[in-house]
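Worth saying up front: this structure is predicted, and the values here are computed from it rather than measured. Below, chain A is the first sequence line, B the second, and so on; all start at residue 1.
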There are 2 protein chains.
Amino acid sequence: MSSSPTITPLIHKLARRDALSDEERSVLAGLLGPERHVPAGGLLVEPGDRPGFSTFLVSGFCARYSLTVDGGRQLTEVNVPGDFVDLHSLLMRQMDHGVVALGDCVIAPAAHADLRRLTESHPHLARLLWLETVVDGAIHRQWLVTMGQQNAASRLAHLVCELYRRLESAGLARDYRFSIPMTQVDLGDVLGLTPVHVNRVLMDLRQQGLLEWRAGLVTIPDWDSLVSLGQFDPTYLRLQSDVV
Amino acid sequence: MSSSPTITPLIHKLARRDALSDEERSVLAGLLGPERHVPAGGLLVEPGDRPGFSTFLVSGFCARYSLTVDGGRQLTEVNVPGDFVDLHSLLMRQMDHGVVALGDCVIAPAAHADLRRLTESHPHLARLLWLETVVDGAIHRQWLVTMGQQNAASRLAHLVCELYRRLESAGLARDYRFSIPMTQVDLGDVLGLTPVHVNRVLMDLRQQGLLEWRAGLVTIPDWDSLVSLGQFDPTYLRLQSDVV
DNA sequence: CGGTCGAACTAACCTAGATCAACGCCCGCC
DNA sequence: GGCGGGCGTTGATCTAGGTTAGTTCGACCG
């Protein structure tokens with residue numbers, strides 16, 4: 001069980017928030033189990049599940065979703081490589097939502113028993129993981145603000161800005177372009193819009209030269225304008241150090 | 001510094017989720033500092049603050065809010081007595097949002113230094129507090145679902161159901177009635193609606209015999225219908241035991 | 001090589017909710 | 001005892017986004 005390269009994104013991510021000792025790094029290295037592949041559209045977790053482990057996203061993209069009784073689907077967060085998609089299931093045993101693979105994903109489990117043991121033996125690491133779940137909450141709050149106060153174009157702009165910064169920070173985006181396997185239907189489920197209207201907004205932003213989103217490839221020709229349209233302020237993502 | 005009655009709602013709340021030892025109870029009892037009063041409309045925390053303590057709501061109601069550049073205000077959670085309103089500030093130092101008193105409030109601080117010490121010495125308690133922040137995230141997710149998928153009337157119905165169950169669980173509501181100092185403007189800021197439309201929806205539900213909301217006093221004549229209108233399922237609130 | 005399926009795109013029409021503008025009520029204040 | 005400011009209420013009008021019902025195009029497949 002030597003440390004696999006799987007874990008390095010997690011170490012990088014936590015170390016960006018606060019310094020990690022060598023010992024802490026080696027504890028993290030022992031946390032993840034064997035990798036597993038999930039095809040596009042597959043479910044990593046289903047609502048109501050009581051998993052015995054939390055799932056770490058090694059590569060690919062997935063999203064948390066909830067279904068409504070009348071057939072609606074709302075995506076409540078998009079996860080990028082380096083994220084724990086359901087770390088909170090350590091505390092809240094039964095999943096209140098599912099997680100769907102947007103494209104092909106590689107995931108690795110971290111057993112709850114090990115995580116619980118970690119909270120006993122390594123409180124500083126535990127606080128860093130706690131912070132991960134707290135940042136999820138901050139992302140949710142920000143999405144609530146955009147849903148409640150901004151129109152479709154602003155919401156879309158905000159989402160693209162958030163994804164770009166998070167991917168950039170994970171080393172998966174640069175030069176204002178990135179690729180992500182989300183269809184216009186998926187976007188509608190994130191933004192609370194119909195696919196038809198997503199398309200209209202997308203065409204509109206394209207014509208204004210603010211955004212290209214074609215075949216999973218996103219290009220941002222005018223970052224500043226997109227930021228101001230989406231009223232995007234990245235503070236809530238806590239991508240810089242924030243000692244805990 | 002003997003234990004004040006201030007702390008008992010917190011002990012009750014945590015004990016509802018998992019058994020607490022006498023020693024854990026006494027640690028909690030030593031956590032809260034002296035009470036402070038905040039008048040209606042006052043700010044418990046402002047965006048950008050870096051508080052050295054987390055604020056516990058002893059009595060009254062408050063709400064987390066974010067402001068947008070064009071003058072909008074979005075309330076992202078309503079807090080009821082027994083809630084920590086900014087427990088996450090222990091991890092995420094700088095506040096990404098503010099907290100406003102909806103009516104007169106009594107609050108008590110828990111020093112971050114003490115909380116951090118608690119995570120070292122009492123991991124089980126730490127996990128219970130972690131769960132508190134995780135439940136906040138679940139509430140945010142549920143609100144995202146209602147914002148994205150439900151119309152004004154359903155959103156309002158859902159909010160009232162959530163408030164009733166949370167207040168009931170805190171011993172502050174029974175017989176399908178409770179009082180809460182929220183104006184129609186506040187409701188609009190929660191639901192992402194204009195006060196005008198909140199009023200129309202309220203009048204409508206009143207005429208249908210589903211809901212009375214007058215002068216801060218809420219009455220639910222037909223709980224089942226309100227639940228089904230709001231598609232309310234209380235699981236996400238974790239009001240029952242959920243061993244951690 | 002035609003057939004099917006998923007995804008992007010388009011157009012015509014419709015409604016939930018916003019906007020704007022009053023008006024009444026109550027309560028605290030000068 | 002008048003008066004100004006929240007708060008609730010109402011009506012007329014407007015618009016962002018939903019609904020319905022397509023077309024197009026490329027990828028895969030038998």
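Summarising the geometry, the separation between CG on A:L217 and P on C:dA8 is reported as 13 Å, rounded to the nearest angstrom. Between the CG atom of B:D186 and the P atom of D:dG8 there is a distance of 9 Å, rounded to whole Å. Note: CG (A:N151) to C1' (D:dA16) measures 8 Å, nearest angstrom. Atom P of nucleotide C:dA7 and atom CH2 of A:W213 are separated by 14 Å, given to the nearest angstrom. Per the geometry, CZ belonging to B:R155 stands 10 Å off C1' belonging to C:dG17, to the nearest Å. Rounded to a whole Å, the CG atom of B:L202 is 11 Å from the P atom of D:dT10. Protein atom CG of B:L187 is 13 Å distant from nucleotide atom C1' of D:dC7, rounded to whole Å. If you measure from atom CG of B:D204 to atom P of C:dG17, you get 11 Å, rounded to the nearest angstrom.
No contact: B:G216 has no heavy atom under 4.0 Å from any strand. Here B:G188 lies out of heavy-atom contact (under 4.0 Å) with every strand. Within the 4.0 angstrom heavy-atom criterion, only backbone atoms of the sugar-phosphate kind lie near B:L193; the bases stay farther away.
By the 4.0 Å N-to-carboxylate-O rule, B:R64 lies too far from B:D96 to be salt-bridged with it. With respect to A:R165 and A:D233, no salt bridge is recorded, no charged nitrogen being found less than 4.0 Å from a carboxylate O.
The phosphate of C:dC9 (OP1 or OP2) has a side-chain N or O of A:R214 nearer than 4.0 angstrom. Phosphate contact (OP1/OP2 of D:dG8, side-chain N/O of B:R206, threshold under 4.0 Å): absent. Look at A:N199 and you won't find any side-chain N or O under 4.0 angstrom from OP1 or OP2 of C:dA8. Between B:T194 and the phosphate of C:dA18, there is a side-chain N or O to OP1/OP2 separation shorter than 4.0 Å.
Remark on DNA chain D: of its neighbouring residues A:Q150 and A:V196, the 5'-side contact belongs to A:Q150, judged by nearest-heavy-atom nucleotide.
Looking at B:R200, its side chain has no donor and acceptor atom pair within 3.5 Å of the base of D:dG8.
Of the N and O atoms on the side chains of B:T68 and A:Q231, not one donor lies less than 3.5 Å from an acceptor on the other residue.
For A:T183, counting side-chain heavy atoms from C-beta on, the closest listed nucleotide (C:dT10, C:dA7, D:dC7) is C:dA7.
In this structure, B:M203 and B:R206 have side chains that are in contact, with non-hydrogen atoms separated by less than 4.5 Å.
For B:Y65, there are no side-chain hydrogen bond (donor to acceptor under 3.5 Å, both in side chains) partners at least two apart in sequence or on another chain.
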